Amino acid sequence: QVQLVESGGGLVQAGGSLRLSCTASGIIFRIGAMGWYRQTPGNQRELVATIRDGVSPNYADSVKGRFTISRDNAKKMVYLEMNSLKPEDTAIYYCAADLRPRPWSGAELRYWGQGTQVTVSS
C-alpha cells in the first residue's frame, strides 16, 4: 500500500514563506512525476507545480518566480518552497505522485496525500 504524507502547512503573513514536504512510503517500484496541487472551497483542484526526472519543472503561472519545487529520489520526497506568499495562495495543498507499485504494475497510477492547509493572512 502506498501512502503520501504532507507536512509544513500553517498560517503565515503575506510576504512570508513556507516549505511543504511530502514523503511517499509503502510498496513502490518507481516514481515518475511528483507534484503539488491546491484546492479552495467550491473550486476544482488546480496544479501548482510538478517535477519529473530529466524534465524542467512545470509551474502554474500564478506561482512562477515565487514557488520552487524539488525532489529527493533517495528519500522519496518532494518539496515546495513558497516565497512571497499572497492571501490568494490560501488553500489546501495536496501532494501527488505518479508511480508504479511493482515492476509488473504497468501504467503509472496517481496517488494523493491527505492535504495540508496553507493560510496566508493579509
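Just so it is clear, the structure is predicted and the values come from calculations on it, not from any experiment. We use all heavy atoms of the structure for the numbers below, so side chains are in, but hydrogens, waters and symmetry mates are not.
At a threshold of 4.5 Å between non-hydrogen side-chain atoms, the residues V2 and S25 do not count as touching. The shortest side-chain heavy-atom distance between L109 and D98 does not fall under the 4.5 Å cut-off. Side chains of I92 and T40 form no contact here, defined as non-hydrogen atoms less than 4.5 Å apart. Taking the side chain as every heavy atom from C-beta outward, N73 and I31 never approach each other to under 4.5 Å.
Note that CG of L47 and CG of N58 are 5.5 Å apart. Values are rounded to the nearest 0.5 Å. The CH2 atom of W36 lies 8.0 Å from the CE atom of M82; values are rounded to the nearest 0.5 Å.
Both L4 and I69 are members of a single hydrophobic cluster when ILVMFWY side chains are connected at heavy-atom separations under 4.5 Å. Cluster annotation: V63 and Y93 are assigned to the same hydrophobic cluster (Ile/Leu/Val/Met/Phe/Trp/Tyr, side-chain heavy-atom contacts under 4.5 Å, transitive).
With no hydrogens or angles considered, a side-chain donor-acceptor pair links Q114 and E6 at under 3.5 Å.
Y59 places no side-chain N or O within 3.5 Å of a backbone atom of G65 that could act as its donor or acceptor partner.
Y79 does not carry R71 over the face of its six-membered ring by the limits of under 6.0 Å from the centre and within 45° of the normal.
Taking the six-membered ring for Trp, F29 and W104 have ring centres at least 6.0 Å apart.
Around CD of Q39, the count of heavy atoms belonging to other residues, nucleotides or ligands within 6.0 Å exceeds 12.
Residues N83 and S17 come closest through the heavy atom pair OD1-OG, 2.8 Å.
The only option from T90, T116, N43, D89 that meets the side-chain hydrogen bond (donor to acceptor under 3.5 Å, both in side chains) definition with R38 turns out to be D89.
Between Y94 and W112, the ring planes are perpendicular. Angles over 60° get that label, and only those under 30° would be called parallel.
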Please step through salt bridge (Lys or Arg N to Asp or Glu O under 4.0 Å) for the pair E108 and R100, ending with a clear verdict.
CA-CA 5 Å; E108 292 177 341; R100 293 168 62 190; over 6 Å; no

